[in-house]
Each structure stands twice: as structure tokens, then as C-alpha cells.
Amino acid sequence: MIVGILGCGAIANTIVNEFLSDDGIDIKYFYDTDIERAENLAQISNGIAVLEMDEMLDNVDLVLESASPIALKVHALNIIENGKDLMVMSVGALMDKEFRQKIHKAAQANNAKVYAPSGAIVGLDGIKAASIGKIKKASLTTRKSPKSLGREVEEEEILFEGKASEAVERFPVNINVAASLSIACNMDIDVKIIVDPKVDRNVHEVLVQGDFGEFRSSSENVPFAANPKTSMLAAFSAIKLLKSFSECFSVGT
């Protein structure tokens, strides 16, 4: 499988530096609006930096988007309509139901697949299984440092409390986890976002209640030094999903 990357920031850098191309998967093409960032990753991986997305589409099997919700909306349909699979890191963009429906229809029409890694949270496989029954309540409480949220505060402060659909509009590059949970639960979950100067990790606490019982999880994720808005676990989840394409044995949903 030949992979192209859209967006050559912190996540893409981690993927390229941690991923080994000995699993039948070759990360080969790179596109970014900042061509220098694409060229740097291409040099590391002995790949090719392109000036336009269309330059890679004839040569890849899958495009891994690690850019932004805006970039995803600009390029996603073109990628899928060219019959290429798509891995989405900016999952928040998929909270736009109209956009998500267009993606779904295009994938069906062009025999393409769209993947969304579990990202910066744990337990998503269990929640997906639980969604076979009725989920009655689902919530996410996210606690981040002022640096991660671009704020200057001296005391803990609730920045947002409401639905995931509102959260991803207010914090489009900070709260992809809310979108992932909402899509997995098939509902617009409750979200609370707290800025806390006492923490140096991205903390996500999840509560899900339904026919299956009750599920709670808590993760404290190390943020990228270069981009504290994003957790390292998000990149690792993409690497694991890439590796799963060539595995003959799988555990989990």
C-alpha cells in the first residue's frame, strides 16, 4: 500500500519517524501548503513532496489527512472521488452531518473507504460495541493546560459546557475526541472543556451509560512539544491503524 500524507505537522512527523515501511505499507508522498514542511518529511522517508494534492492521487492507495478540518473539507471529496481511501485525523469536521453524508455517499460510489483512528482517547472499541444496544448518556470532560488552549489563566476555568457539535465549532483543532465519541455513540454527546494551569497533559474523562451497563475511562496524554493542542497518542493510533492493514490477526473491534 502506498500512502500519501496531507498536512505535514506534528502528527505527520511522528508517523514518519515511528513507522517502519516493512509491513507492505510505504509512506511515499507528502503535501502541505508549506512546501518546506513537505520536503523535510520527504527527505526523512526518501519520499516525494508535491506542490498540489492531485500530483499524488494517481500514485497512492490511501491519503492520511493530518492537516485541519478546513483542509479536510477542501480535499476529502476529491480524494475519494479518485477512488482513494482516506484516513481522517481532523475528525471534528465530520460532525458536520451534511459533509459526513457527502463523504459516505462518495465512498460508496467510488469503492473507497474512510477510516478514523481512535485518536487521543481510549476505549473507543468498547463504545462502538456498546452502540449496538441503546446508549442513554455519554459525556466527555477534557482538561488541558493554558498553553494547549492558547489561554493565559492562573486558576482553573471552564471554557465550554455544551454539546459536541458546538464544541468542535468553538475549538476545531482541540477537541477531535468529542467528535470521535459522538460518531461512535451515534449521538451528540455532552462536553465540558476546562483550562487548568496545574496540568501539563491533555486529560480526557469519558462516561457512557446504556443497555450494556456503564463505561468510564480516563487518559492523561502527553502533548506534542511542537503542537500542544495535539496528543502523541493521536499519532500512535494512526500508526496502529496503518499497521493493521497488513496484519492477519486482530484483537478488538
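Counting begins at 1 with the first residue of the sequence.
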Apply side-chain contact (heavy atoms from CB on, under 4.5 Å) to the pair N78 and D54, showing each step before the final yes or no.
CA-CA 9 Å; N78 184 41; D54 286 346; 2.8 Å; yes
Taking it one step at a time, do R201 and V222 satisfy side-chain contact (heavy atoms from CB on, under 4.5 Å)?
CA-CA 5 Å; R201 297 186 178 186; V222 176; 4.2 Å; yes
Going through the distances and angles, do R216 and V206 end up as a side-chain contact (heavy atoms from CB on, under 4.5 Å)?
CA-CA 5 Å; R216 294 176 185 268; V206 176; over 6 Å; no
Check against side-chain contact (heavy atoms from CB on, under 4.5 Å), K240 and E247
CA-CA 10 Å; K240 182 58 182 173; E247 293 175 348; 3.1 Å; yes
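Proximity of I189 to K163: side-chain heavy atoms (C-beta onward) are nowhere separated by under 4.5 Å. Residues K192 and I194 form a side-chain contact, since some pair of their non-hydrogen atoms from C-beta on lies under 4.5 Å apart. Using a 4.5 Å heavy-atom threshold, the side chains of P117 and M87 count as touching. Side-chain contact check for I11 versus T230: some heavy-atom pair is nearer than 4.5 Å. Proximity of M56 to F30: side-chain heavy atoms (C-beta onward) are nowhere separated by under 4.5 Å. Looking only at side-chain heavy atoms (C-beta outward), F245 and I25 come within less than 4.5 Å of each other. Taking the side chain as every heavy atom from C-beta outward, V203 and T141 never approach each other to under 4.5 Å. L207 is not listed as a side-chain neighbour of L140, based on a closest heavy-atom distance of 4.5 Å or more.
For S90 (side chain) and A93 (main-chain N/O), no donor-acceptor pair under 3.5 Å exists by modelled atom type. Between the side chain of N221 and the main chain of S231, no donor-acceptor pair closer than 3.5 Å is present. A donor-acceptor pair under 3.5 Å links the side-chain atoms of S66 to the main chain of G7, judged by distance alone. Side chain of E18 to backbone of I15: no donor-acceptor contact under 3.5 angstrom is found. Under the 3.5 Å distance criterion, the side-chain polar atoms of S131 are matched with a main-chain donor or acceptor of K128. Between the D211 side chain and the K134 main chain, a donor and an acceptor come within less than 3.5 Å of each other. A donor-acceptor distance shorter than 3.5 angstrom exists from the side chain of S246 to the backbone of K243, with no hydrogens or angles considered. A distance-only check finds no donor-acceptor pair linking the side chain of D26 to the backbone of I2 [under 3.5 Å].
Closest of all the heavy-atom pairs between S145 and V199 is CB-O, 3.4 Å. The minimum heavy-atom distance between N13 and C8, with the atom names listed, is ND2-O, 3.4 Å. Heavy atoms only, all atoms of each residue included: A167 and V191 are closest at CB-CG1, 4.1 Å. Here the closest non-hydrogen pair linking N110 and I80 is CB-O, 3.3 Å. Listed here is the closest heavy atom pair of G4 and V60: N-CG1, 3.8 Å. Minimum interatomic distance between P69 and P172 (heavy atoms only, all atoms of both residues): CG-O, 3.6 Å.
A salt bridge does not link R100 with E98: every distance from a Lys NZ or Arg NE/NH1/NH2 to an Asp or Glu carboxylate oxygen is 4.0 Å or more. Ionic pairing of K144 and D196 is not present here: no N-O contact between side-chain nitrogen and carboxylate oxygen is shorter than 4.0 angstrom. Between K73 and E65, no side-chain nitrogen of the basic residue sits less than 4.0 Å from a carboxylate oxygen of the acidic one, so the salt-bridge criterion is not met.
In this structure, the separation between CD on E205 and OG on S217 is 9.0 Å, given to the nearest 0.5 Å. Distance check, rounded to the nearest 0.5 Å: OG of S148 to NZ of K229 gives 8.5 Å. In this structure, CE on M187 lies 12.0 Å from NZ on K136, to the nearest 0.5 angstrom. With rounding to the nearest 0.5 Å, the separation of OG1 in T142 from CD1 in I121 is 9.0 Å.
With hydrogens and angles left out, the side-chain atoms of N82 and D58 include no donor and acceptor closer than 3.5 Å. At a cut-off of 3.5 Å, with distance as the only test, a side-chain donor of S165 or D188 sits close to an acceptor on the other residue.
Connection of L72 to L6 is established within a shared hydrophobic cluster, with ILVMFWY side chains joined at heavy-atom distances below 4.5 Å, either directly or through further cluster members. Linking Ile, Leu, Val, Met, Phe, Trp and Tyr whenever their side-chain heavy atoms come within less than 4.5 Å puts F236 and I5 in one cluster. Residue L64 is not grouped with residue I79 when hydrophobic side chains (ILVMFWY) are merged at heavy-atom distances under 4.5 angstrom, including chains of intermediate members.
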Hey, can you pull the donor-acceptor pairs under 3.5 Å for the side chains in residues 34-44, sequence neighbours left out?
unit_1	atom_1	unit_2	atom_2	d
D34	OD1	E36	N	3.1
R37	NH2	D32	OD2	3.0
N40	ND2	E36	O	3.3

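Sorted by first then second residue, the side-chain hydrogen bond (donor to acceptor under 3.5 Å, both in side chains) pairs that include residues 149-160, not counting sequence neighbours, are R143-E156. Applying the ring-ring contact (aromatic ring centres under 6.0 Å, His included) rule to pairs touching residues 183-219 yields nothing, sequence neighbours excluded.
By the neighbour-count criterion of 12 heavy atoms within 6.0 Å, atom NZ of K198 is densely surrounded, having more than that number from other residues, nucleotides or ligands.
Partner of M53 under the side chain to side chain contact (heavy atoms under 4.5 Å, CB included) criterion, chosen from L57, V50, L51: L57.
Under the 30°/60° scheme for interplanar angles, the aromatic rings of F171 and F160 are found to stand perpendicular.
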